[in-house]
*Asks:* 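Here it is, the structure in full.
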Amino acid sequence: MAISPFPYSVELLALAVLALLAWRISDPLALAAIAWISVLGIALICIDVAVHRLPDRLTFLAFGGGLLILAFGDINRVGRALLCCLALASAYLLMSVVTPNGMGLGDGKFALSLGLILGWYGWGPTLYGAALGFVFSGLFAIGMLLAQRITMKGAIPHGPFMLLGTLVTVLMAA
């Protein structure tokens with residue numbers, strides 16, 4: 001059974017995220033890329049929560065659009081952002097191979113986009129954003145276990161926490 005969001009909640013979430021980004025990020029190029037990835041990321045997290053999937057069409061569209069926008073920026077930052085996104089996606093893909101029941105391939109593909117925008121700010125923010133996603137996910141899982149909403153074998157989607165960790169990091173780094 002799929003879970004559907006409350007009416008207008010997706011739109012309100014997107015509006016709030018875009019307003020926060022516009023308030024904190026002064027670089028128009030970074031703002032455009034992060035806004036693009038965030039709006040598609042919000043759609044992705046809604047899908048992930050409902051059916052535990054991150055569709056390729058949206059993950060690759062987010063990455064491709066973000067890369068296209070950032071490609072007009074400083075070549076050194078673009079190069080670093082590409083290295084960071086490849087490193088982060090590789091780490092997630094490795095986790096999905098090692099623990100196929102714990103992490104999905106969609107998370108690794110989503111990590112391309114998130115690593116791209118985190119990498120725009122540097123290696124430190126990339127590591128921090130990724131770690132923060134796991135912290136948020138772990139805290140949520142503990143809360144769900146304590147509330148007896150899931151068991152130790154239960155599954156929670158990781159995509160929403162990946163995006164949350166990225167956005168918090170970007171807002172702090174900007």
Side-chain angles (χ1 to χ4, degrees), residues 5-50 53-93 104-137 140 157-174:
F6 294 109
Y8 304 109
S9 61
V10 176
E11 295 85 351
L12 290 173
L13 177 60
L15 181 64
V17 167
L18 292 174
L20 275 172
L21 292 172
W23 171 62
R24 289 289 298 152
I25 299 172
S26 58
D27 176 9
L29 194 64
L31 177 59
I34 295 166
W36 172 263
I37 291 170
S38 296
V39 168
L40 287 168
I42 290 168
L44 282 162
I45 65 169
C46 290
I47 295 166
D48 199 15
V49 167
R53 298 274 184 262
L54 293 167
D56 290 349
R57 287 183 184 177
L58 292 180
T59 56
F60 291 137
L61 184 62
F63 173 70
L67 180 58
L68 182 66
I69 295 166
L70 292 179
F72 291 99
D74 175 40
I75 192 71
N76 292 325
R77 285 183 94 173
V78 173
R80 182 186 60 218
L82 280 171
L83 290 173
C84 288
C85 83
L86 291 174
L88 188 60
S90 297
Y92 270 95
L93 290 172
L105 291 173
D107 294 319
K109 296 169 194 170
F110 192 31
L112 281 170
S113 301
L114 302 180
L116 186 69
I117 58 176
L118 288 166
W120 186 255
Y121 292 98
W123 285 101
T126 302
L127 293 172
Y128 187 76
L132 202 52
F134 281 105
V135 168
F136 289 147
S137 180
F140 180 79
H158 188 60
F161 304 105
M162 292 171 68
L163 183 61
L164 181 60
T166 297
L167 290 175
V168 168
T169 302
V170 165
L171 290 171
M172 290 176 15

*Asks:* If every non-hydrogen atom of Pro125 is compared with every non-hydrogen atom of Thr169, which pair is closest and at what distance?
*Replies:* O-CG2, 3.4 Å
*Asks:* Any non-hydrogen side-chain atom of Ile34 less than 4.5 Å from a side-chain atom of Trp120?
*Replies:* no
*Asks:* At what distance, to the nearest 0.5 angstrom, does OG of Ser38 lie from CG of Leu114?
*Replies:* 8.5 Å
*Asks:* Check whether Trp36 reaches the backbone of Leu67 with its side chain - one donor and one acceptor, N or O, closer than 3.5 Å.
*Replies:* no
*Asks:* Mind listing the closest non-hydrogen atom pair of Val49 and Pro157 along with its distance?
*Replies:* CA-CG, 3.9 Å
*Asks:* Find out whether Leu163 and Phe110 are in side-chain contact, i.e. whether some heavy atom of one side chain is under 4.5 Å from a heavy atom of the other.
*Replies:* yes
*Asks:* Just say parallel, tilted or perpendicular for the rings of Tyr92 and Phe134, cut-offs at 30° and 60°.
*Replies:* parallel
*Asks:* CG of Leu82 to CZ of Phe63: how many Å apart, nearest 0.5 Å?
*Replies:* 6.0 Å
*Asks:* Begin from the C-alpha positions of Leu21 and Leu167 and carry the test side chain to side chain contact (heavy atoms under 4.5 Å, CB included) through to its verdict.
*Replies:* CA-CA 9 Å; Leu21 292 172; Leu167 290 175; 4.2 Å; yes
*Asks:* Could you pull out the closest heavy-atom pair between Gly66 and Leu116, with the gap in Å?
*Replies:* C-CD2, 3.6 Å
*Asks:* What distance separates Met172 CE from Leu132 CG, expressed to the nearest 0.5 Å?
*Replies:* 7.0 Å
*Asks:* Check Leu70 against Val78 and note the closest heavy-atom contact, atom names and distance.
*Replies:* O-CG2, 3.0 Å
*Asks:* How far apart are the closest heavy atoms of Tyr121 and Arg80, and which atoms are they?
*Replies:* C-NH2, 3.9 Å
*Asks:* Kindly give the heavy-atom pair with the smallest separation between Cys85 and Leu112, and that separation in Å.
*Replies:* CB-O, 3.1 Å
*Asks:* Between the side chain of Thr166 and the main-chain N/O of Met162, is any donor-acceptor distance below 3.5 Å?
*Replies:* yes
*Asks:* If you measure from CG on Leu171 to CD1 on Ile25, what distance do you get to the nearest 0.5 Å?
*Replies:* 6.5 Å
*Asks:* Below 4.5 Å, heavy atoms only, C-beta onward: do Leu118 and Cys84 meet side chain to side chain?
*Replies:* no
*Asks:* Evaluate whether atom OH of Tyr128 has more than 12 neighbouring non-hydrogen atoms of other residues, nucleotides or ligands under 6.0 angstrom away.
*Replies:* no
*Asks:* As an exercise, state the distance from CD1 of Ile42 to CD1 of Ile37, rounded to the nearest 0.5 Å.
*Replies:* 12.5 Å
*Asks:* Which pairs, with at least one residue in residues 5-30 and sequence neighbours excluded, count as a salt bridge (charged side-chain N to carboxylate O under 4.0 Å, His left out)?
*Replies:* none
*Asks:* Sub-3.5 Å donor-acceptor pair from the side chain of Asp48 to the main-chain atoms of Gly159, do we have one?
*Replies:* yes
*Asks:* Just wondering, do Ile47 and Leu54 contact through their side chains at under 4.5 Å, heavy atoms?
*Replies:* no
*Asks:* Going through the checks in order, is the side chain to side chain contact (heavy atoms under 4.5 Å, CB included) test met by Leu13 and Val10?
*Replies:* CA-CA 5 Å; Leu13 177 60; Val10 176; 5.8 Å; no
*Asks:* Give a yes or no on whether the backbone of Gly119 and the side-chain of Thr126 come within a donor-acceptor separation of less than 3.5 Å.
*Replies:* yes
